[in-house]
Amino acid sequence: MRLSRYYLPTLKEAPADAEVISHKLMIRAGLIRRLTSGVYNYLPFGWRAIAKVAQIVREEMDRAGALELTMPMVQPADLWKESGRWEHYGRELLRFKDRHDRDFCLGPTHEEVITDLLRGELRSYRQLPVNLYQIQTKFRDEVRPRFGLMRGREFIMKDAYSFDRDDAGADISYKAMYDAYVRIFERLALKFRAVEADSGSIGGSFSHEFMVLAQTGEDTIAACADCNYAANVERAEVKFAGPKNSTPPPAWAEVHTPGRHTVEEVANFLKIGPEQLVKTILLNVDGKAVAALVRGDRELNEIKVKNYFNASVVELAAPEQVVAWTKAPVGFAGPVGLEVSAVLADQELQAGEGWVCGANKKDFHLVNVSLSRDAKIDAYADLRAITAQDPCPRCGGRLELPKGIEVGHVFKLGLKYSKAMNANFLDENGKDAPMVMGCYGIGVTRIVAACIEQNHDADGIIFPPPIAPYQALILNLDAKSEAVGAKAQELYETLLGEGVEALLDDREERPGVKFKDADLIGIPMQVVLGAKTLARGVAEVKDRRSGEKGELPLDGFMAAFDAWRAKVYAGWGM
RNA sequence: CGGGAUGUGGCUCAGUUUGGCUAGAGCGCUGCGUUCGGGACGCAGAGGCCGGAGGUUCAAAUCCUCUCAUCCCGACCA
């Protein structure tokens, strides 16, 4: 394609409402335009990148034996009521009524539809397993869409669903998808990590997330430097050395701590370390009052609390509730004499005595507290967030905590939907049995954004070749010169003829403008042709990633180009 | 949903505090000329009822009320 006839609106300045780099660059480089909050137009250049990703996903899904289909975006409420999610999915589900006043929603995911589809059609174990997928626009009415394509309300997703006769079969399906995902992200030339994940409200027994590694990621990964353990910190278990027997402290005593309510304030005031304090965090767990205790220097992982109770909602208690439960303002809660429905303590609090904690009384704390002697602890459990100082829960090795962007998630669902929706088949013995399901998602549009988060510099996007909308950009620096124009056109046609996706910048712009735009839009290979180089019988080339420049002879150009391309791709590990 | 902020040509913003002439700048866009290897320069243009509604006033981009939209932080999130 020739740029003089391309709709590629590049911008010198980023719009004020873009915050993260991928969002800014996608707008500046003319990939997307916002229609409304969390909803974007995909412009021709951006759409090509999305299509590239989708095609690789498609090829690997097909290779893994999955079958592509397309299900409706508009879904009847009946199905969601059947699975129970009409009530539980929340307001992320965009609901509306048709002219007959019937309830509908826009599909945020398709477990209900696919289960409904198959339960009517698949009756025999002979027909299983089956794995179906689609690549389609999804809509989730996110409470807070942000960061451009990173968290949109409307986005493109590949979602696959597997149905098996039994657990063992489901494990095989799961593994096949996991392996396909690894191949997909390898082929996309992204730096990624597959991590153990919390399965969240989709349910099911276990799951993995695929994270594109990038500083700006919203998720944190606990990854072992010594073994292959990696988990989302939401899920990562903390290894506990075991309780220690220490002598109980003398009886607890109140100390006056006027106006000190944070751990830091109290620790400074008493001239002790925060690890000698116990934080008492009051939570609402499915409407019940729960206290969670962690050491002063630790952070509570609310998801662990949620999983401990198998609860659907865990939220921090409101200040009024804290006052009602502890008879003191926020900042002075403690386990001694606290009356709530459950008091959970982090396991490591078993290794220590003589804690400092809130007195449940304004401006007072307690010292010399023994949890076993002075408080009623219902259970000790792994409650806190893992830190970089913790050992690897598998091998005891050193942990790193890199940031990642979740671009894929595989779930083993088990019987959750098949039971709720009666998706049964007849097994070998002629008996009804529920199908064992798995579901597998990839955020196609999010991958493009994540790719840019991972690959950019001060000048713009640096597309990995597999995602790049075009492989090579030819810059005609002398658009008015017939000789240069003819040669540029010739190179362009040569590349196209050899199957290289080329873009020709034949606009009547000054060289500086073309160089800037070329770097901004991030096509991996730049071929620069001007009067000077033409006179010398060469074209200048630049590797967008490394910035390395070279010259290729115009005579026998294609052979030289092939060699150079191999070098550029090698830089991407391809 | 709680907290904060912003809405002025396509983009970035000034002007609003303290109401007052035909509402400005840079970038971008159109035309002409000079330029031509890292976002050139000159001249001449086009383009805005200042998010919307109502109100106060002799007079509103500016003050008041309501409303809509967008962004940020938090809660939330296959």
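This structure is a prediction, so every number in the text was calculated from the model and none was measured. Protein chains get the first letters and strands the later ones, always in sequence-line order, with residue 1 at the start of each.
- Residues A:E92 and A:V528 each lie close to RNA chain B; by heavy-atom proximity, the contact nearer the 5' end of the strand is made by A:V528.
- For the pair A:D219 and A:K403, the salt-bridge criterion is not met [side-chain N within less than 4.0 Å of a carboxylate O].
- Of the P atoms belonging to B:rC21 and B:rG10, the separation is 24 Å, rounded to the nearest Å.
- Cation-pi geometry between A:R95 and A:W86 is satisfied (NZ or CZ under 6.0 Å from the ring centre, within 45° of the ring normal).
- A donor and an acceptor atom never sit less than 3.5 Å apart when one is taken from the side chain of A:R144 and the other from the base of B:rC77.
- Note: CD (A:E13) to P (B:rC27) measures 10 Å, nearest angstrom.
- Counting distance only, with no hydrogens placed and no angle test, the side-chain atoms of A:R507 and the base atoms of B:rG39 include no donor-acceptor pair under 3.5 Å.
- For the C1' atom pair drawn from B:rG33 and B:rU6, the interatomic distance equals 42 Å after rounding to whole Å.
- Straight-line distance between the C1' atoms of B:rC73 and B:rC66: roughly 27 Å, to the nearest whole Å.
- As rounded to the nearest Å, B:rA23 and B:rC49 have P atoms that lie 12 Å from one another.
- In terms of the side chain to side chain contact (heavy atoms under 4.5 Å, CB included) criterion, residue partners of A:E60 (sequence neighbours excluded) are, by chain and number, A:R63, A:R183, A:I184, A:R187.
- Base pairing analysis places B:rC63 opposite B:rG55; the two distances defining the Watson-Crick or G-U wobble pair are each below 3.5 Å.
- When the P atom of B:rG37 is taken as reference, atom CZ of A:R536 falls 15 Å away, rounded to whole Å.
- One cannot find a donor-acceptor pair under 3.5 Å joining the base of B:rG39 and the side-chain atoms of A:E509.
- Regarding A:F155, its CZ atom lies at a distance of 11 Å from the C1' atom of B:rC77, rounded to whole Å.
- Atom name C1', nucleotides B:rC77 and B:rA53: the rounded distance is 36 Å, in whole Å.
- Side-chain N/O atoms of A:T533 include none lying less than 4.0 angstrom from OP1 or OP2 on B:rG37.
- Sequence order on RNA chain B of the closest nucleotides to A:V513 and A:K138 puts A:V513 first from the 5' end.
- Across all strands shown, nothing is found opposite B:rC49 as a Watson-Crick or G-U wobble partner with both distances under 3.5 Å.
- Across the protein-nucleic acid pair, A:E315 atom CD and B:rC77 atom P stand 10 Å apart, rounded to whole Å.
- Atom CG of A:D505 and atom P of B:rG37 are 15 Å apart (whole Å).
- In this structure, B:rG74 and B:rC1 make a Watson-Crick or G-U wobble pair, each of the two defining distances being under 3.5 angstrom.
- Contact between the side-chain N/O atoms of A:S37 and the OP1/OP2 oxygens of B:rA69 is not found at any separation under 4.0 Å.
- A salt bridge does not link A:K304 to A:E234: none of the charged nitrogens lies less than 4.0 Å from a carboxylate oxygen.
- Between A:R85 and A:E111 there is a salt bridge, with a side-chain nitrogen of the basic residue lying less than 4.0 Å from a carboxylate oxygen of the acidic one.
- With salt bridges taken as basic N to acidic carboxylate O contacts below 4.0 Å, one links A:R119 and A:D116.
- In a base pair of the Watson-Crick type (N1 to N3 plus N6-O4 or O6-N4) or a G-U wobble (N1-O2 and O6-N3), with each distance short of 3.5 Å, B:rG7 is matched with B:rC68.
- A salt bridge does not link A:E548 to A:K542: none of the charged nitrogens lies less than 4.0 Å from a carboxylate oxygen.
- With both ends at atom C1', the span from B:rG28 to B:rA69 equals 25 Å, rounded to whole Å.
- Atom P of nucleotide B:rG42 and atom CZ of A:R510 are separated by 13 Å, given to the nearest angstrom.
- A 3.5 Å limit on both hydrogen-bonding distances identifies B:rG33 as the Watson-Crick or G-U partner of B:rC41.
- Across every strand in view, B:rU22 sits unpaired, with no contact that passes the Watson-Crick or G-U test at under 3.5 angstrom.
- Here the separation of B:rG31 from B:rU16, taken at their P atoms, is 37 Å to the nearest Å.
- Across the protein-nucleic acid pair, A:R146 atom CZ and B:rA5 atom P stand 20 Å apart, rounded to whole Å.
- Comparing the same atom, P, in B:rG3 and in B:rA40 gives a spacing of 48 Å after rounding to whole Å.
- Judged by distance alone with a 3.5 Å cut-off, a donor-acceptor contact links the side chain of A:D519 to the base of B:rG38.
- Rounded to an integer number of Å, the gap from CD of A:E508 to C1' of B:rG39 is 17 Å.
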Dump the pairs, protein N or O against N or O of nucleotides 45-47 of chain B, anything under 3.5 Å, distances to one decimal.
none

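- Ion pairing between A:D517 and A:R507 holds under the 4.0 Å rule for side-chain N and carboxylate O.
- The residues A:R151 and A:E142 are annotated as salt-bridged, a charged nitrogen and a carboxylate oxygen being separated by less than 4.0 angstrom.
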